[in-house]
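Worksheet: the structure to be examined is printed underneath.
Chain identifiers are assigned alphabetically (A, B, ...) following the order of the sequence lines, protein sequences preceding nucleic acid strands; residue numbering begins at 1 within each chain.
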Amino acid sequence: MDRIRTRFAPSPTGYMHIGNLRTALYEYLIAKSQGGDFILRIEDTDQERYVEGAMDVVLDTLKMTGIDYDEGPGKGGEYGPYIQSERRPIYKEYALKLVESGHAYYCFCTKERLDSLKTGSDALGTSFNYDRHCRDLSKEEIEANLAAGIPYVIRQKMPLTGTTTFDDAVYGSITVENKTLDDQVLLKSDGLPTYNFANVVDDHLMKISHVVRGNEYLSSTPKYNLLYEAFGWEIPTYIHCAPVMKDEHNKLSKRNGDASFGDLIAKGYLPEAVLNYIALLGWSPSGNEEFYTLSELEKAFTITGISKSPSIFDVDKLKWMNGEYIRRMTADEFYSKAKPWIDNAVGDALSETKKIRIASLIQPRTEILTEIEEKISFFKELPEYSTELYCHKKMKTDTENSLTGLKLVLDELEGKTFAEDEWVSQNLYEILCNIAAENEIKNSQILWPVRTALSGLAVSPGGATELAEILGYNETIRRIKIGIELLSK
RNA sequence: GGCUCCUUGGUCAAGAGGCUAAGACGUCGCCCUCUCACGGCGAAAACAGGGGUUCGAUUCCCCUAGGAGUCACCA
C-alpha cells in the first residue's frame, strides 16, 4: 500500500473556523496514525477574498495546537509550490489535456447567455444546468473563436447516460445518475482553475491518498471521480465529515458571529482542551476515555469512529473540559498560566507568595482563565456590599449575630501580634473556632460573618481564614471594622 | 423543486439482530465542607413514525415525516 498522505487546504480568510480546525486535526491524525505525511496547501485562487496576514492565522493556529505539517509553505517539500496562486500554469496545462482527450471542451458562451438560461430555469423552479451549447462545436468554429480572441472557459464533458459510483469511508457507496451532472467549469476565463478542478489536480500531483473534507462536497464528488478517471489517475479514499453546528439548524460560522479558534483562546480556553474537545465532536474512540493529548490521539484515531451526522458545538462541555485541564495542571503550571490574570486583578498590592497562594485557591474554581479576574479582584479592593450578605439561612446568621460575631473576633485579634507562621489559615481557623466554642455559638456564626466582611461577596474563592491569611493582619482588621460599622447602622 | 445524505436522552455519543440501550457534559438530589467550587454517591432523561423480513428488531429492507447539503467563471 502506498504511503498515507493527507492535506489541509484552507483558503486564507483570517478566521480559523472550528470546523476547519477539526478537519485539519482529522487529516493530521489519519496521516499520523498510519505513519504518513500531512501537507498544508493554501487555496488562494480567489483574489477577491485576499486578506492581509490571513496565512499567519493558519500557521499560528497549527503551531499553537501542535498540528505540525510535513510539507507546505515555509517548509517546502517535494511537491511544491504549496500555495495555489503560485501553481497557476499547471492547471491550464491539465485542462488542455482533458480537451485533447475529449473529456472537456471550450465554451465561449457569454455571461449574458448563461444568465438568461439561469433565470429561465429559476422561473421553472428547476435546477440550473448548462445547456451544453458549446459541447459539440466543430474544430473550425473553435479555432476561429480562439483566433478571434473570444474569451472562453473550459468545461468538463459529463457522460450523458449511466451512473457514477464512489465510495466514501464514512458514508459508504454513493451512486448518482450521470445525467444530473452539470458540465462544470474547470478553467475560468481568467485562466485560473475552479476549486473543484484545482483540488483534483493538486491532490493528484501531491500524491494525496486520503481526501478529508466537509460533507458539503459529497454531491460534487462524482464529478471528481470522473475527472480522476479521465486523467487515468488513481482515485483517493474519500472521507467526508459532517459539519460542526451552532445549533440544530445553523453551522458554526463567522457570519453568525461564532467564536473562531483564536476567539476561544482569547477567552481563556487552552489550546489542548479545545483540540481535545473538537476531536470528540464527530469522532468517537473505542473506549470510554475522553482525555487525549495530541500524541495519544495519533494512536487512538480510527476513520471508522467518524460520525455521519452533524454535531452541535457544546460550550458547556468545552468549559468543563477546559476546567478539567486546569485542575490537572501542577500548581506551578497553573500559576504560570494564571499569573497575567492575577497580576491584572490585584496589581502590586500582594507579594509573589500571596499570589501563589491565590492561585492555589482558584485553581479548582477556574474553568476558563478569563474568570480569574472577577473572582479575585476583591483582594485588591473591598467591594461595596449590602448587610443582607450577612444573613444566611443555613449558617444561621443574621445581621445581629453577625455583628456580635465580628466584635468577638475583633476583640480577640486586635492588639495582638502574630508571627508570620501564625497568621496562616490553619492556625486562624483554630482561633476562630475557639471563639465560637467559648461563647457557645456555632462555628458558622463566626466564620460566615468574617468571610463576608473580608470579601464583601456572597461567594469567594476560599473561606474566612484562607482569605484572612492572604489579606494579612492589618487588612483583615480593617475589613472587620468596616463590617462592624456597616452592621451597627 | 431535482439529486444526495442524515435521524439513539437537552448536548456529545457507544451499541452492528437477543443488553436492565454504555459513558460524558448539563440538570436535579444527597454527602463532604469555614461560603462557593473541587471531590464522592445517586436520580431523572433517548432508539422520529409506520410497515415489512425474522422466533426476535435501535440494529436489515421499504415508506412517511423532519433536518442538512448541493444544484456558480466561490471555495
Rounded interatomic separation in angstrom, taking NZ from A:Lys394 and C1' from B:rC30: 11 Å

Among the nucleotides B:rA13, B:rU70, B:rG26, whichever has the atom closest to the side chain of A:Asp316 is B:rG26

A:Tyr15 ring center near A:Phe261 ring center (under 6.0 Å): no

Could you tell me whether the phosphate oxygens of B:rC34, OP1 or OP2, come under 4.0 Å of any side-chain nitrogen or oxygen in A:Tyr429? yes

Please check: side-chain N/O of A:Asn256 versus main-chain N/O of A:Asp258, any donor-acceptor pairing under 3.5 Å? no

B:rU8 and B:rC3: how far apart are their P atoms, nearest whole angstrom? 25 Å

Return the value, rounded to whole Å, for the distance between atom CZ of A:Arg113 and atom C1' of B:rA72. 16 Å

Between the base of B:rC3 and the side chain of A:Ser219, is one N or O donor paired with an acceptor at under 3.5 angstrom? no

Counting only Watson-Crick pairs (N1-N3 plus N6-O4 or O6-N4) and G-U wobbles (N1-O2, O6-N3), all under 3.5 Å, who is the partner of B:rC47? none

Which is true for A:Gly462 with a 4.0 Å heavy-atom rule: it touches a base, it touches only sugar-phosphate, or it touches nothing? base

Comparing nearest nucleotides in RNA chain B, the 5'-proximal residue of the pair A:Tyr171, A:Pro364 is A:Tyr171

Using purine N1 to pyrimidine N3 plus N6-O4 or O6-N4 for Watson-Crick, or N1-O2 and O6-N3 for G-U wobble, both under 3.5 Å, which nucleotide pairs with B:rU53? none

Using the six-membered ring wherever Trp is involved, compare the ring planes of A:Tyr325 and A:Phe291 and label them parallel, tilted or perpendicular (cut-offs 30° and 60°). tilted

Hey, what do you get for OG1 (A:Thr476) to CG (A:Leu428), rounding to the nearest 0.5 Å? 7.5 Å

Side chain of A:Ile174 - closest among B:rG39, B:rA72, B:rC5: B:rC5

Rounded C1' spacing from B:rC47 to B:rA21 in Å: 8 Å

Checking all strands, does A:Val153 fall into the base, sugar-phosphate, or nothing category for heavy-atom contacts under 4.0 angstrom? base

Return the nucleotide paired to B:rA22: Watson-Crick means purine N1 to pyrimidine N3 with N6-O4 or O6-N4, wobble means G-U with N1-O2 and O6-N3, both under 3.5 Å. none

May I have the distance from A:Lys442 (atom NZ) to B:rU33 (atom P), rounded to whole angstrom? 13 Å

Under 4.0 Å between any heavy atoms, over every strand shown, what does A:Asn443 touch: base, sugar-phosphate, or nothing? Just pick one. nothing

Tell me if the side-chain of A:Tyr217 makes a donor-acceptor pair with the base of B:rA75, cut-off 3.5 Å, by modelled atom types. yes

Need one value for A:Ser425: base, sugar-phosphate or nothing, where a base atom within 4.0 Å counts as base even if backbone is also close, heavy atoms only. base

Look at all strands and tell whether A:Ser460 reaches a base, only sugar-phosphate, or nothing, counting heavy atoms closer than 4.0 Å. base

Where the side chain of A:Ile312 is concerned, which of B:rU11, B:rC73, B:rG23 is the nearest nucleotide? B:rU11

On the nucleotide B:rC74, are OP1 or OP2 found under 4.0 Å from the side-chain N or O atoms that A:Lys188 carries? yes

With C1' as the reference atom in both, quote the distance from B:rC73 to B:rA68 in angstrom, rounded to an integer. 27 Å

Between B:rG39, B:rA22, B:rA13, which nucleotide has the shortest distance from any of its atoms to the side chain of A:Asn288? B:rA22

On the side chain of A:Ser189, is there an atom forming a donor-acceptor pair with the base of B:rC73 - under 3.5 Å, no angle test? yes

Give every residue pair that meets the side-chain hydrogen bond (donor to acceptor under 3.5 Å, both in side chains) criterion with at least one member in residues 396-412 of chain A, sequence neighbours excluded. A:Glu412-A:Lys416

Check the distance between B:rU70's P and A:Tyr224's OH and give it to me in whole angstrom. 13 Å

In whole Å, what is the span from the CE atom of A:Met158 to the P atom of B:rC3? 18 Å

Of the candidates B:rC34, B:rC73, B:rC36, the side chain of A:Arg365 sits closest to B:rC36

Using OP1 and OP2 only, check whether a side-chain N or O of A:Arg213 sits under 4.0 Å from B:rA75. no

Interatomic distance at P, B:rC12 relative to B:rG51, whole Å: 29 Å

Look at A:Lys308 and B:rG69 and indicate whether a side-chain polar atom (N or O) is within less than 4.0 Å of OP1 or OP2. no

Honestly, is A:Arg113 close enough over A:Phe108, meaning NZ or CZ under 6.0 Å from the six-membered ring centre and within 45° of the axis? no

Looking for any heavy atom pair under 4.0 Å, which part of the strands does A:Met245 touch: base, sugar-phosphate only, or nothing? nothing

Any side-chain N or O of A:Lys118 less than 4.0 Å from the OP1 or OP2 oxygen of B:rC73? yes

Please confirm whether the shortest side-chain N or O distance from A:His240 to OP1 or OP2 of B:rC5 is below 4.0 Å. no

Of A:Glu324 and A:Thr180, the one whose closest RNA chain B nucleotide lies more 5': A:Thr180

Classify the ring geometry between A:Tyr217 and A:Tyr195 as parallel (under 30°), tilted (30 to 60°) or perpendicular (over 60°). parallel

A:Glu466 has its side chain closest, among B:rG69, B:rU35, B:rG39, to B:rU35

Could you tell me how the ring of A:Tyr390 sits relative to the ring of A:Tyr385: parallel (under 30°), tilted (30 to 60°) or perpendicular (over 60°)? tilted

Selection from B:rC6, B:rU35, B:rC25 that lies nearest to any side-chain heavy atom of A:His392: B:rU35

Take the protein atom CG of A:Leu361 and the nucleotide atom P of B:rC38, then report the distance between them rounded to whole Å. 15 Å

Report the base-pairing partner of B:rU4 (Watson-Crick or G-U wobble, both distances below 3.5 angstrom), or none. B:rA68

On the ring face of A:Phe8, is A:Arg41 found with NZ or CZ under 6.0 Å from the centre and within 45° of the axis? no

Side chain of A:Ser309, heavy atoms from C-beta onward: which of B:rC38, B:rU7, B:rU35 has the nearest atom to it? B:rU7

Base partner of B:rG39, which must satisfy Watson-Crick or wobble distances under 3.5 Å: B:rC31

Give one of base, sugar-phosphate or nothing for A:Ser311, where a contact means two heavy atoms less than 4.0 Å apart. sugar-phosphate

Among the nucleotides B:rA75, B:rU35, B:rA72, which one has an atom lying closest to any side-chain atom of A:Glu43? B:rA75

Rounded to whole angstroms, how far apart are NE2 on A:His133 and C1' on B:rC73? 17 Å

Can you check the distance between B:rA13 and B:rA45, where both ends of the measurement are the C1' atom (answer in whole Å)? 15 Å

Given B:rC12, B:rA13, B:rC73, identify the nucleotide with an atom nearest to the side chain of A:Lys317. B:rC12

pair_partner(B:rA14), Watson-Crick or wobble, both distances < 3.5 Å, evaluates to none

Rounded distance (Å) that lies between atom P of B:rC12 and atom CH2 of A:Trp320: 16 Å

Taking only side-chain nitrogens and oxygens of A:Ser307, does any of them come within less than 4.0 Å of OP1 or OP2 of B:rA13? yes

Specify whether A:Tyr238 and A:Tyr228 have parallel, tilted or perpendicular ring planes, treating 30° as the upper limit for parallel and 60° as the lower limit for perpendicular. perpendicular

